[in-house]
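To find a chain, count down the sequence lines: A is the first, B the second, and so on, and within it residues start at 1.
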Amino acid sequence: MTKKGRVFSGARPTGRQHLGNYLGAIKNYVALQADYDCVYCIVDLHALTTVEDTVNLKQNIFEMALDWLAAGIDPQKSIMFVQSMVPEVTELHTILSMVTPLGKLTDLPTFKEKARENPNNINYGLVGYPVLMAADIVLYKSNAVPVGVDQAPHLEFTREVVRSFNYRYNCNVLIEPQMKVTEVPKVLGIDGVQKMGKSLDNHIEIAGTPEETQKRVMMMVTDPARIKRTDPGNPDVCNVFSMHKIFSPKADVEMINIECRRAGIGCVDCKKLYAKSLNESLASFRAKRAEFADKPAEVWAILHDGAQRAKVIAAQTMREVRDAIGLPNLGE
RNA sequence: AGGCCAGUAGCUCAAUUGGCAGAGCGCCUGUCUCCAAAACAGGAGGUUGUGGGUUCAAUUCCUGCCUGGCCUGCCA
């Protein structure tokens with residue numbers, strides 16, 4: 001480990017990724033590879049807490065792996081794998097659950113939210129979700145976890161669990177991960193109001209065709225006060241403009257900022273320009289993705305190899321954990 | 001394990017004594033707008049959890065099962 005340490009992050013297999021996933025997580029995953037040993041996990045077990053229909057699970061895992069690889073996650077540098085392929089995490093989850101007060105779990109805002117969204121399926125796993133997440137993080141001896149502000153309570157929970165474990169068993173085998181607060185740009189959906197999300201159907205897929213992408217871009221909500229072409233607009237309240245700032249050349253952004261305000265450019269032209277910039281920005285990603293999509297066996301081999309490497313770390317951690325507790329090991 | 005309650009459109013819920021299964025929101029289309037939004041007009045969407053039974057006729061009554069909730073108990 002010659003780098004700054006190990007970073008772990010997990011994401012639920014939600015299938016084809018959208019701009020919110022890309023800007024909020026994937027880009028950051030790619031960037032972190034330069035400075036850290038990275039472990040990126042497709043957390044399929046976590047998905048089971050709320051997903052009742054698993055017929056698409058493998059496909060969703062595959063689609064997300066394609067997006068990650070095409071975006072630049074390098075399986076040579078980083079470990080990329082599927083959570084359930086290293087079942088040690090479930091053992092650690094059970095062990096950590098014994099030092100976890102139930103009240104802390106039911107107090108977490110994410111639990112309350114999920115329980116409200118899904119009142120007829122409040123299962124044990126949903127309550128224990130943060131414990132499993134803590135197990136993910138510490139199993140791979142992670143030093144840091146990139147989190148947005150909304151995930152901060154969960155990581156703080158992980159740190160508390162680590163301290164509880166180390167204190168209870170009078171040891172220092174679990175590493176307390178640092179919170180690596182990353183500035184997550186707030187990516188709004190095409191409705192211009194809510195955060196972009198697949199379940200809200202207000203998303204734009206990164207792997208779509210240029211035509212599909214433009215179609216979704218044309219559906220975006222703009223400045224509601226600008227009714228007619230001749231009305232001056234306000235880019236400050238327009239979601240299209242905020243996306244221009246991310247994907248378009250500086251000259252275009254400056255031009256729109258001026259011309260929109262004096263009705264020099266209309267929303268249709270503005271959106272077409274954004275769609276063009278977006279498609280150009282994603283072109284090489286899409287080309288790489290298509291190559292991986294043609295070689296599914298290779299993609300699964302990458303995931304299998306990642307699981308093998310992850311398992312080496314996991315086995316070492318579990319040995320230390322069992323020794324610290326005093327559990328007998330097979331063959332002793 | 002037993003008792004009680006519930007399950008109807010994507011969501012929240014109606015449906016009289018057993019008599020053509022509806023509304024709001026959301027979704028799609030159209031009008032209007034540079035687009036989107038808003039407004040207005042129209043439209044789609046259902047094996048009423050599921051298998052039986054009674055009846056001319058079952059969302060409604062009886063019954064087996066599934067799922068969820070509340071209560072009581074048993075075991076760990």
Side-chain angles (χ1 to χ4, degrees), chain A residues 12 14-16 18-20 47-56 60 91 93-95 97-102 105-106 111-129 186-205 208-248 252-280 327:
Chain A
R12 292 156 50 116
T14 49
R16 294 159 77 100
H18 55 68
L19 281 177
L48 300 180
T49 54
T50 53
V51 174
E52 57 293 324
D53 191 358
T54 55
V55 290
N56 295 322
N60 285 343
E91 182 185 2
H93 164 260
T94 300
I95 287 169
S97 74
M98 310 304 178
V99 298
T100 304
L102 187 57
L105 293 171
T106 52
F111 171 74
K112 291 178 182 168
E113 187 188 326
K114 293 287 178 191
R116 187 173 47 77
E117 284 173 3
N118 225 343
N120 48 5
N121 187 19
I122 302 176
N123 52 61
Y124 182 62
L126 193 64
V127 182
Y129 192 112
K186 193 178 182 187
V187 182
L188 297 179
I190 60 174
D191 56 16
V193 179
Q194 291 177 280
K195 192 175 144 188
M196 186 176 286
K198 196 172 185 173
S199 60
L200 294 170
D201 194 23
N202 65 358
H203 62 297
I204 294 178
E205 285 184 359
T209 65
E211 294 73 26
E212 287 165 347
T213 303
Q214 174 158 330
K215 194 178 168 195
R216 295 292 279 179
V217 167
M218 296 310 287
M219 289 168 71
M220 288 176 72
V221 173
T222 60
D223 173 8
R226 190 177 185 191
I227 310 294
K228 293 184 178 172
R229 172 67 180 81
T230 50
D231 294 337
N234 181 6
D236 299 333
V237 298
C238 180
N239 191 32
V240 178
F241 184 65
S242 60
M243 297 307 286
H244 265 299
K245 285 192 275 193
I246 298 171
F247 288 103
S248 294
D252 286 353
V253 176
E254 284 169 6
M255 182 274 288
I256 291 162
N257 193 25
I258 294 165
E259 295 300 327
C260 176
R261 289 180 205 277
R262 64 180 188 204
I265 185 173
C267 294
V268 170
D269 291 333
C270 175
K271 284 177 177 179
K272 282 181 179 166
L273 204 53
Y274 166 52
K276 182 169 173 282
S277 298
L278 185 56
N279 282 325
E280 281 172 6
L327 296 170

Student: If you look at every heavy atom in A:F241 and A:V253, which pair is closest and at what distance?
Tutor: CE1-O, 3.6 Å
Student: Just how far, in rounded Å, is C1' of B:C35 from CG of A:L273?
Tutor: 14 Å
Student: Between B:C11 and B:A38, how far apart are the P atoms? Round to whole Å, please.
Tutor: 22 Å
Student: Determine the Euclidean distance between corresponding C1' atoms of B:A44 and B:G3; express it in Å to zero decimal places.
Tutor: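 Here B:G3 and B:A44 have their C1' atoms 44 Å from each other.
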Student: So, the side chain of A:H244 versus the backbone of A:C270: is there a donor-acceptor pair under 3.5 Å, distance only?
Tutor: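 Side chain of A:H244 to backbone of A:C270, a donor-acceptor pair under 3.5 Å: yes, one is there.
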Student: Give me the distance, rounded to whole Å, that separates B:C4 from B:C75 when you measure between the P atoms they each carry.
Tutor: 24 Å
Student: Could you state the interatomic distance from OG1 (A:T222) to CD1 (A:I227), rounded to the nearest 0.5 Å?
Tutor: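 One gets 8.5 Å once the value is rounded to the nearest 0.5 Å.
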Student: Output the rounded distance in Å from CE (A:M220) to P (B:A36).
Tutor: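 Nearest whole value for this atom pair: 14 Å.
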Student: CG of A:L278 to NZ of A:K271: how many Å apart, nearest 0.5 Å?
Tutor: 14.0 Å
Student: Using modelled atom types only, decide if a donor and an acceptor are shared between the side chain of A:N202 and the backbone of A:L188 within a distance under 3.5 Å.
Tutor: no
Student: Do any of residues 188-202 of chain A sit with a heavy atom less than 4.0 Å from RNA chain B, and if so which?
Tutor: none
Student: Check A:H203 against A:R216 and note the closest heavy-atom contact, atom names and distance.
Tutor: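 Taking A:H203 first and A:R216 second, the nearest heavy atoms are O-NH2, 2.9 Å.
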Student: Which pair of non-hydrogen atoms, one from A:E205 and one from A:R16, has the smallest distance, and what is that distance?
Tutor: OE1-NE, 3.0 Å
Student: Please give me the minimum heavy-atom distance between A:L19 and A:Y274, naming the atom from each residue.
Tutor: CD1-OH, 3.6 Å
Student: In whole Å, I'd like the distance from the NZ atom of A:K215 to the P atom of B:A36.
Tutor: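 These atoms are roughly 12 Å apart.
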Student: In whole Å, what separates the P atom of B:U72 from that of B:U17?
Tutor: 34 Å
Student: Rounded to whole angstrom units, what separation is found between the NZ atom of A:K276 and the P atom of B:C35?
Tutor: 22 Å
Student: Counting a pair only when it is Watson-Crick or G-U and both distances are under 3.5 Å, which runs of at least 3 such pairs involve RNA chain B?
Tutor: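 If one scans RNA chain B for consecutive Watson-Crick or G-U pairs, the stems found are B:1-7 with B:66-72, B:10-13 with B:22-25, B:27-31 with B:39-43, B:49-53 with B:61-65.
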Student: Quick one: list whatever passes side chain to side chain donor-acceptor pair (under 3.5 Å) with A:E280, sequence neighbours left out.
Tutor: A:K276
Student: Rounding to an integer number of angstrom, what distance separates B:G19 and B:A57 when you compare their C1' atoms?
Tutor: 7 Å
Student: What residues, two or more places apart in sequence or in another chain, satisfy side chain to side chain donor-acceptor pair (under 3.5 Å) together with A:D252?
Tutor: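 Per chain and number, A:D252 pairs via side chain to side chain donor-acceptor pair (under 3.5 Å) with no residue.
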Student: At their closest point, which heavy atom of A:P235 faces which heavy atom of A:N257, and how far apart are they?
Tutor: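 Smallest interatomic distance, heavy atoms only, reads CG-OD1, 3.8 Å.
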Student: Once you round to the nearest 0.5 Å, how far does CG of A:D236 lie from SG of A:C260?
Tutor: 9.0 Å
Student: Using the P atom in both, what is the distance from B:U50 to B:A58, to the nearest Å?
Tutor: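 Here B:U50 and B:A58 have their P atoms 15 Å from each other.
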Student: Working to the nearest 0.5 Å, report the span between CE of A:M218 and CE of A:M220.
Tutor: 11.0 Å
Student: Looking at A:D231 and A:A263, what are the two nearest heavy atoms and their distance?
Tutor: O-CB, 3.5 Å
Student: How close or far is atom C1' of B:A36 from atom NZ of A:K272, stated in whole angstroms?
Tutor: 14 Å
Student: How far, in whole Å, is B:A23 from B:A41 if one measures between their P atoms?
Tutor: 15 Å
Student: Hey, can you pull the residues of residues 255-264 of chain A with a non-hydrogen atom under 4.0 angstrom from RNA chain B?
Tutor: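 Residues of residues 255-264 of chain A under 4.0 Å from RNA chain B: none.
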Student: When the C1' atoms of B:C20 and B:C25 are considered, how many whole Å apart are they?
Tutor: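 It comes out at 26 Å once rounded to the nearest Å.
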Student: At a heavy-atom distance below 4.0 Å, what parts of residues 222-232 of chain A sit against RNA chain B?
Tutor: A:T222, A:D223, A:P224, A:R226, A:I227, A:K228, A:R229
